[in-house]
Protein chains: 2
Amino acid sequence: MIEELRQLGFRRTGGLVDLLTAMVRHHLPYTLAELAELPGLKERDQATIYRLIMKLKDVGKVRQLNLTGRVIHYQIVVPGHHHDYLICETCGGVSEVPVACTLGTVERQIMKRFGWKGLHHELEFYGVCPACAAS
Amino acid sequence: MIEELRQLGFRRTGGLVDLLTAMVRHHLPYTLAELAELPGLKERDQATIYRLIMKLKDVGKVRQLNLTGRVIHYQIVVPGHHHDYLICETCGGVSEVPVACTLGTVERQIMKRFGWKGLHHELEFYGVCPACAAS
DNA sequence: ATACATGCAAACATTTTGCTTTGGC
DNA sequence: GCCAAAGCAAAATGTTTGCATGTAT
């Protein structure tokens, strides 16, 4: 993957390697602050991580998720994988929806009928998780 | 509608009336800054609008949308209406998806099978709008 | 050698809160 | 008169940028 990025003008720096390693491990959404706490990134400046994330976003390797309004989440893009999210409005927890997503057809429909390009989507379900509902 | 809110402990203040009037007019998503520019709200303090929005959110009359990651949008809830959004990554424009949404069944499925309560969802399609694609 | 990446610090944009005054009930 | 809402100003939070230094190519 690093090789692929080098084709795109990236340098093989310690920061890039550490960041990709951390993000690929579970390919979950992370905030900038969470990334800076991950093993291998603890010593790195958040500004550095931020700039790497922006570059990876530009080439489509990272996707930005607006899950909460207060912090931005970032997730590594794994080809063939799609994610939808379940967010608890009480505890703020984020998990993935254990149900297949069927919006690909809608996406293609919009591109074809209305002339949009490069569509992708973000789907979040908000509510109260079982644990919070119990208490 | 004001009457309904009074049952919930709201006072019939000028701010509340002006805010509801502005938000109901087109029932579109607005940022706090945009709300403060709307007719009838120009003279009101943003903190006042903010606190009203929070109270309305608490009772389910307003929904928060995390469309961009940098600013939060708020939209009045109109029973029976549901909205999905098309967001241009180039110009930042927000429009509504002119296609019916079929996620209600998924929602019920998640509540039933996994024990979540009070689910609703937010769906955004991101891409490049026809106008930006042309230039 | 050169250009890009990094670290540190500061600038920015928004959201959120404290406190005093005003106004609804 | 009492308690909540409004207005003003400041604090808090998270994102983004400037600049000097280090490093990959």
Side-chain angles (χ1 to χ4, degrees), chain A residues 1-22 29-38 40-59 61-75 89 92 94, chain B residues 2-23 29-38 40-59 61-75 89 92 94:
Chain A
M1 178 158 183
I2 302 263
E3 268 319 302
E4 190 184 340
L5 288 170
R6 296 200 55 205
Q7 311 286 314
L8 295 166
F10 284 69
R11 290 184 181 182
R12 174 208 236 80
T13 66
L16 181 62
V17 174
D18 293 346
L19 177 60
L20 290 175
T21 304
Y30 297 104
T31 66
L32 192 56
E34 286 167 355
L35 283 170
E37 286 303 311
L38 256 39
L41 295 176
K42 284 200 176 54
E43 322 300 325
R44 290 237 126 70
D45 193 288
Q46 286 202 12
T48 300
I49 301 176
Y50 172 78
R51 281 187 267 232
L52 284 170
I53 289 277
M54 290 302 117
K55 288 195 62 177
L56 290 166
K57 189 153 79 89
D58 288 344
V59 299
K61 290 294 176 192
V62 160
R63 184 148 298 165
Q64 172 176 328
L65 304 175
N66 308 313
L67 301 176
T68 69
R70 70 192 71 196
V71 281
I72 298 173
H73 288 76
Y74 303 97
Q75 182 168 37
E89 292 176 317
V94 176
Chain B
I2 303 264
E3 267 319 302
E4 190 185 340
L5 289 170
R6 295 200 56 204
Q7 310 287 315
L8 296 166
F10 284 69
R11 290 183 182 182
R12 175 209 240 81
T13 66
L16 181 61
V17 174
D18 294 346
L19 178 59
L20 289 175
T21 304
M23 292 191 88
Y30 298 104
T31 66
L32 191 57
E34 285 166 355
L35 284 170
E37 286 302 313
L38 256 38
L41 295 176
K42 285 201 175 53
E43 321 301 324
R44 295 239 177 272
D45 194 290
Q46 287 202 12
T48 300
I49 301 176
Y50 174 77
R51 280 186 267 231
L52 283 170
I53 289 277
M54 290 302 118
K55 286 196 64 177
L56 291 166
K57 189 153 78 90
D58 287 345
V59 299
K61 290 294 177 192
V62 159
R63 184 148 297 163
Q64 171 175 330
L65 304 174
N66 309 311
L67 302 176
T68 69
R70 71 192 73 194
V71 280
I72 298 174
H73 287 76
Y74 303 96
Q75 183 169 36
E89 291 177 316
V94 176

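Per chain, numbering begins at 1; letters A, B, ... match sequence-line order.
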Rounded interatomic separation in angstrom, taking CG from A:L16 and P from D:dG22: 22 Å
Under a 4.5 Å cut-off applied to non-hydrogen side-chain atoms, are A:Y74 and A:E34 in contact? no
Spacing of B:L35 atom CG relative to C:dT14 atom P, expressed in whole Å: 14 Å
Rounded to whole angstroms, how far apart are CG on A:L5 and C1' on D:dT25? 16 Å
Tell me if a side-chain donor or acceptor on A:Q64 pairs with a main-chain N or O of B:T68 at a distance below 3.5 Å. yes
Rounded off to whole Å, could you give me the CD-to-P distance for the A:E43 and C:dC8 pair? 10 Å
Side chain of B:Y50 - closest among C:dT14, C:dT17, D:dC8: C:dT17
Calculate the interatomic distance between A:I49 atom CD1 and C:dA5 atom C1'; express it in whole Å. 13 Å
Using a 4.5 Å cut-off on heavy atoms from C-beta on, say whether the side chain of B:T48 contacts that of B:L19. no
Which listed nucleotide (C:dA3, D:dG7, C:dT17) is nearest to the side chain of A:R11? C:dA3
Select base, sugar-phosphate, or nothing to describe what A:R51 touches, counting heavy atoms under 4.0 Å on all strands. base
Has A:K55 got a side-chain N or O lying under 4.0 Å from the OP1 or OP2 atom of C:dA5? yes
Can you find a donor-acceptor pair, distance only, under 3.5 Å between B:R70 side chain and C:dC12 base? no
Comparing A:G9 and B:Q46 on DNA chain C - which has the more 5′ nearest nucleotide: A:G9
Taking only the side-chain heavy atoms of B:R44 (C-beta and beyond), determine which of D:dT15, D:dA6, C:dT17 contains the nearest atom. D:dA6
Return the value, rounded to whole Å, for the distance between atom CG of B:D45 and atom C1' of C:dC19. 13 Å
So what does A:G15 hit on the nucleic acid, given a heavy-atom distance under 4.0 Å: a base, only sugar-phosphate, or nothing? sugar-phosphate
Determine whether a donor-acceptor pair (N or O, by modelled atom type, separation under 3.5 Å) exists between the side chain of B:D18 and the backbone of B:L41. no
Atom pair distance, as rounded to whole Å: CZ in B:F10 and C1' in C:dG23: 17 Å
d(CZ, B:R12; P, C:dC25) in whole Å: 7 Å
Within the structure shown, what part of the strands sits under 4.0 Å from B:T13 by heavy-atom distance: base, sugar-phosphate, or nothing? sugar-phosphate
Closest listed nucleotide, where the reference is the side chain of B:R6 and the choices are D:dT15, C:dC25, C:dC8: C:dC25
Sidechain-backbone polar pair: A:K57 side chain, A:R63 backbone, donor-acceptor under 3.5 Å: no
